[in-house]
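Here is the structure we will look at, set down as structure tokens.
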There are 2 protein chains.
Amino acid sequence: MITQKTKYALKSLIALGALQKGEALTIEEVAQRSGAPKRFLEHILLEMRRAGFLGAKRGRSGGYFLIRDAARISLGEILQQIDGPIAPLPCLSRRAYQKCDDCTDEETCQLRRVFGDVFWSYLLLIESLTLADLLKTPDLVAHLPSPPADTAAQDASPNLAGE
Amino acid sequence: MITQKTKYALKSLIALGALQKGEALTIEEVAQRSGAPKRFLEHILLEMRRAGFLGAKRGRSGGYFLIRDAARISLGEILQQIDGPIAPLPCLSRRAYQKCDDCTDEETCQLRRVFGDVFWSYLLLIESLTLADLLKTPDLVAHLPSPPADTAAQDASPNLAGE
DNA sequence: CTAAATATCTACCGGAATAGTAGATTTATC
DNA sequence: GATAAATCTACTATTCCGGTAGATATTTAG
């Protein structure tokens with residue numbers, strides 16, 4: 001599960017990404033559009049400003065605005081900035097690498113090997129998706145009978161029934 | 001991050017999967033081989049028995065043993081049984097579906113769309129990996145100069161540097 | 001110059017989840 | 001019948017998540 005905080009962050013980025021150049025939104029306005037509690041959102045927007053996604057202007061008529069190209073902000077980068085390290089095992093994170101306390105030999109650890117593969121393809125995907133993808137409006141032809149993601153999920157693989 | 005509990009569960013399954021037909025291990029023995037605290041492991045093994053992965057024999061000379069073919073137990077199934085629903089959003093889980101409280105329209109929700117894609121390919125991968133893959137011994141040619149998973153990760157994509 | 005509107009800083013807090021521990025009980029074997 | 005094993009139920013300490021609150025700094029409108 002992604003955290004509520006991340007949800008708010010993404011919704012805020014979507015709201016801010018939809019603005020014209022030069023426009024800005026106050027925390028209050030972002031709160032309305034994202035559904036986040038204002039005082040909680042303060043922390044989140046501040047964090048994203050420090051992460052370099054957003055700029056802020058203080059004082060009257062101030063607000064937040066996107067300062068990086070939406071197509072250059074990857075989903076992976078956002079998730080990392082908000083939730084911290086995303087590797088399935090500490091020994092697979094480069095930014096926050098940590099030896100697993102019990103692990104005797106990383107080179108032969110089966111868990112590391114298998115989760116390394118999983119993580120690698122996961123990373124590849126979330127690094128290739130960007131805020132620009134999140135900004136794409138659910139397009140006009142969205143309701144055609146052609147295979148949308150979730151029905152495809154049900155049909156293609158019966159034993160995925162769990163999730 | 002996968003939980004410590006899941007780590008113990010996987011290590012236990014690896015230990016039990018390496019046994020010959022007819023053999024069993026006591027909790028104590030599994031604890032030694034997996035590194036898990038014995039009293040904690042009790043819960044975990046019990047859960048996996050109830051999940052249908054393991055069988056147990058009580059009384060003197062009892063123990064736990066694998067009752068399903070390792071090649072038929074997917075990584076995804078294990079993760080789900082131990083940690084519960086694994087979907088990134090409640091509205092993407094079928095077993096534990098829940099409408100996101102704030103979401104007005106699932107069909108046009110950008111978060112749902114994007115994370116649906118991510119989740120779908122993640123599922124595909126972890127459902128195709130099995131306990132049998134975890135049991136493969138780190139093979140004899142493991143230390144060749146050919147691209148292992150982690151160095152590949154560094155080279156192929158510079159801006160994955162974060163994790 | 002002053003008031004108001006804004007972002008920013010620091011601290012705290014309740015509930016849930018994680019990672020265990022502990023005691024008592026049942027079941028099978030020697 | 002003693003012993004060794006799984007099983008059941010309950011409790012606990014710590015950390016993380018999702019906030020709330022108060023005070024401060026900065027800018028603009030009047």
If I take atom [atom1] in residue [X] and atom [atom2] in nucleotide [N], what distance separates them, rounded to the nearest angstrom?
X       : N      : atom1 : atom2 : answer
B/Glu29 : D/dA5  : CD    : C1'   : 11 Å
B/Ile44 : C/dT18 : CD1   : P     : 12 Å
A/Glu47 : C/dA7  : CD    : C1'   : 16 Å
A/Met48 : C/dA7  : CE    : C1'   : 14 Å
A/Arg58 : D/dA25 : CZ    : C1'   : 5 Å
B/Glu23 : D/dA5  : CD    : P     : 16 Å
B/Phe65 : D/dA6  : CZ    : C1'   : 12 Å
B/Leu46 : D/dT7  : CG    : P     : 5 Å

Under 4.0 Å protein heavy-atom contact, by nucleotide of nucleotides 16-23 of chain D - B base, S sugar-phosphate only: --SBBBB-
Throw together a table of side-chain donor-acceptor distances under 3.5 angstrom for residues 16-23 of chain A, partners on residues two or more places apart or in other chains.
{"from": "A/Glu23", "atom 1": "OE1", "to": "A/Gln20", "atom 2": "N", "distance (Å)": "2.7"}

Can you name the side chain to side chain donor-acceptor pair (under 3.5 Å) partners of [X], sequence neighbours left out?
X        : answer
A/Asp83  : A/Thr3, A/Thr6
B/Gln110 : none
A/Lys7   : none

Salt bridge flag under 4.0 Å for residues A/Arg113 and A/Glu107: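 Salt bridge between A/Arg113 and A/Glu107, a charged N being under 4.0 Å from a carboxylate O: no.
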Sidechain N-carboxylate O distance under 4.0 Å for A/Asp102, B/Lys11: yes
Give every pair of a protein N or O atom and an N or O atom of nucleotides 2-4 of chain D that lie under 3.5 Å apart, one pair per line with the distance.
none

B/Lys57 side chain near C/dT29 phosphate (N/O to OP1/OP2, under 4.0 Å): yes
Listed partners of A/Leu125 passing side chain to side chain contact (heavy atoms under 4.5 Å, CB included), at least two apart: A/Ser128, A/Leu129, B/Val118, B/Ser121
Any residue meeting side chain to side chain contact (heavy atoms under 4.5 Å, CB included) with A/Lys99, in chain and number order, not counting sequence neighbours: A/Tyr97, A/Glu106
Selection residues 46-63 of chain A - residue pairs positive for side-chain hydrogen bond (donor to acceptor under 3.5 Å, both in side chains), sequence neighbours left out: A/Lys5-A/Glu47
